[in-house]
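So you know, we letter chains A, B, ... as the sequences are listed, proteins then strands, and number each from 1. Just so it is clear, the values below take in all heavy atoms, side chains as well, and ignore hydrogens, waters and symmetry mates. No experiment lies behind these values; they were computed from the predicted model shown.
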Amino acid sequence: MLGRGLKRKLSDYEENMAGLSSRQLVLNMCLTKLQTYKMLVEPNLHRSVLIANTVRQQESNCCDLRSVEDPIENSLLIVSDDDMSSAISSILKDLDFVEDISPPTCLVPTGDDQPKFSENTGLKLEDDRQDLKGAECVFGSFEISNSTSYLKDLAIDDIFEDIDTSMYDSDFCCPPLMPPRPPSLATEEPLKTFPSCNSSSASNIQICRTDLSELDHIMEILVGS
Amino acid sequence: MAGVAGGGGGGCSSSSSNDFQWCFSQVKGAIDEDVAEADIISTVEFNYSGDLLATGDKGGRVVIFQREQENKSRPHSRGEYNVYSTFQSHEPEFDYLKSLEIEEKINKIRWLPQQNAAHFLLSTNDKTIKLWKISERDKRAEGYNLKDEDGRLRDPFRITALRVPILKPMDLMVEASPRRIFANAHTYHINSISVNSDHETYLSADDLRINLWHLEITDRSFNIVDIKPANMEELTEVITAAEFHPHHCNVFVYSSSKGTIRLCDMRSSALCDRHSKFFEEPEDPSSRSFFSEIISSISDVKFSHSGRYMMTRDYLSVKVWDLNMENRPVETYQVHEYLRSKLCSLYENDCIFDKFECCWNGSDSAIMTGSYNNFFRMFDRNTRRDITLEASRESSKPRAILKPRKVCTGGKRKKDEISVDSLDFNKKILHTAWHPMENIIAVAATNNLYIFQDKIN
């Protein structure tokens, strides 16, 4: 965000810092930043990694110094460190949900297929676009049409435990998933249970041709029994 | 220390005691205090001859300036840069699959070497690279058989005679057309593109991967570097910049957020995850702080024109590396060491994550990089002298010599010095470019493009 040329008085900030433990201050800032990034739809990978590394390094330094420092400050640090560890883990896990369309070491057919897929889903699910964030990511780039047995092997309850699946019981044209949580978290859970969703590029092409009848069929398999 | 093959003035041999005297030449962009976000310049690049200067902005537009031919009646005045072509390169997109908006901001522009009358450049945003053809049209055909002068089709049965259309001159029109669109190959944000010396391939790098493309083929790319860990929780390093070697088409380098540079040889294996050379300077334990890792992150890497050296920019310094020596740089230049004691505040306002670029002059004898308060710095590698200059409207009188600036770090502030606390951290110069042969520099200050030239003696 571009400010309007307001000049910051750095000296004021530095004076405030003197009152608190400087490490505590920095760790608090790290935690705040990580939490802010977590709320963004698309966290900045570069910054998240740098902050996470900084915090991890402080944690390891902390372990060395804990015996020496003031017990009260230790307890404050311990609380912060736990928060931070979980913040780091969750923010990096969230980054993983970013759908990976470029698998390593293989030729990736690009260009025509991806936009076509977006276009198709756009046409069919126009009315429920808002609700589809969860749906589209669940049925993203993996081979539904050829791997129904693969789907049966999965623990069905885990996949949709955070999503209201009562809508699947009736006939429907579009799958209007209504994830109760914000989209970024809802999409993360289902994707984690499909570890091979990043595999072959051929799946991208096949998804382009998956039509609704196949989606219906799969929904019945997943939810029916 | 004159630049190579300077225009005018004959063939002056380089004398290392001569310093540059930079003069204001031109400034492009609006003067308003209220800067529209879309107008913020995000990349600046001269073409191979230096006759064209391209800028990209946050609004996805590309503006190309062309150097006017020198005026015969005023032989001492250098050619000015005037607008040659403006076009919308990238539009904002919405990724429906991930519910993400894809910014139209142009991250990088790279020119292709000129092979015919048209000019080609690559421009990229976070996800898509485009090859643009910029061509001139100064003639049009008249006297078609099947069309009227106003373009309406003539009834074929009414045509009784044939004529050959003739070419007539028209006002010069510069057209930009997208010739290739290289899309859908990057999950993460593209930070670099680099054209290979073979003039047929180029690389694009995002946070975790580098892809190799052929300029003619848009539906596939080869992944040549992949540093994504199996488990994202183990991610500790990202790719920050990448560039092909200027002469060896099999060699490229990429820099990381940990301050390391890896040189890879594409002949050794298809996937260049194993580097041929690894450049890292051991950390100085006495300067260790909370922010050591963050400020060591490399924001730009550039090969010298000779191909013997490369330069890296991290938050506080610029380092020159000899490709034959991996364990430390051969030269280190401090850009704004006075910020070292202010790192906490700079972290708090996110300035510590600013990505400054750097560039070489044509003869590799000098390097330039930006700083805050619209300051930019130049370092002479031979004399080890450095200078701080400012890009501001105040010093924008035609051919006015730029006065060196100085930042006062403490104690008594001398006249004309500025104290660290008074620096404006919103005025940052991230993008600079140096003409490939002459001493002309382009400096992007937010939404303005400043062009400075070396005074001819």
Item to complete: Check A/R56 against B/E233 and note the closest heavy-atom contact, atom names and distance.
Response: NH2-O, 3.3 Å

Worksheet, complete the sentence: Honestly, the part of B/S289 sitting under 4.5 Å from a heavy atom of chain A is backbone

Worksheet item: CG/A/N53 to CD1/B/I294 distance, rounded to the nearest 0.5 angstrom?
Response: 9.0 Å

Fill in: Interface moiety of B/N191 toward chain A, non-hydrogen atoms closer than 4.5 Å
neither

Worksheet item: What is the minimum heavy-atom distance between A/V49 and B/E237, and which atoms define it?
Response: CG1-N, 3.8 Å

Item to complete: Please say whether more than 12 non-hydrogen atoms of neighbouring residues, nucleotides or ligands are located less than 6.0 Å from CZ in B/R274.
Response: no

Fill in: B/R180 portion near chain A, given a 4.5 angstrom heavy-atom threshold
neither

Response to the item:
Note: A/K33 and B/E348 closest approach over all heavy atoms is NZ-O, 3.5 Å

Discussion item. Run B/H189 and A/N44 through side chain to side chain contact (heavy atoms under 4.5 Å, CB included) and show every step you take.
Written reply: CA-CA 9 Å; B/H189 289 185; A/N44 183 320; over 6 Å; no

Discussion item. Please evaluate residues B/M232 and A/L45 with respect to the criterion side chain to side chain contact (heavy atoms under 4.5 Å, CB included), reporting the C-alpha separation (whole Å), side-chain torsions for both, the decisive distance (0.1 Å), and the verdict.
Written reply: CA-CA 11 Å; B/M232 279 292 267; A/L45 189 60; 4.2 Å; yes

Discussion item. Donor-acceptor check, side chain of B/K258 to backbone of A/L50, threshold 3.5 angstrom: yes or no?
Written reply: no

Worksheet item: Going from NE2 on A/H46 to CG on B/L208, what distance comes out if it is rounded to the nearest 0.5 angstrom?
Response: 11.0 Å

Worksheet item: Under a 4.5 Å heavy-atom cutoff, which of B/F291, B/F353, B/F182 has the most pairs with chain A?
Response: B/F353

Discussion item. Please classify the contact between B/K428 and chain A as side chain, backbone, both or neither, with a heavy-atom cut-off of under 4.5 Å.
Written reply: neither

Discussion item. Is B/S257 in contact with chain A via its backbone, its side chain, both, or neither, using a 4.5 Å heavy-atom distance?
Written reply: both

Worksheet item: Where does B/I224 contact chain A at under 4.5 Å (heavy atoms): side chain, backbone, both or neither?
Response: neither

Worksheet item: Between B/S292 and A/Q57, does a side chain to side chain contact (heavy atoms under 4.5 Å, CB included) hold up when you go through it step by step?
Response: CA-CA 10 Å; B/S292 293; A/Q57 189 195 84; 5.6 Å; no

Worksheet entry | A/T54 versus B/F290, closest heavy-atom pair with distance | CG2-O, 3.2 Å

Fill in: Heavy-atom pairs under 4.5 Å with chain A, option from B/D207, B/V238, B/V225, B/T236 with the top count
B/T236

Fill in: Rounded distance [0.5 Å steps], CD1 in B/I352 versus CZ in A/R47
10.5 Å

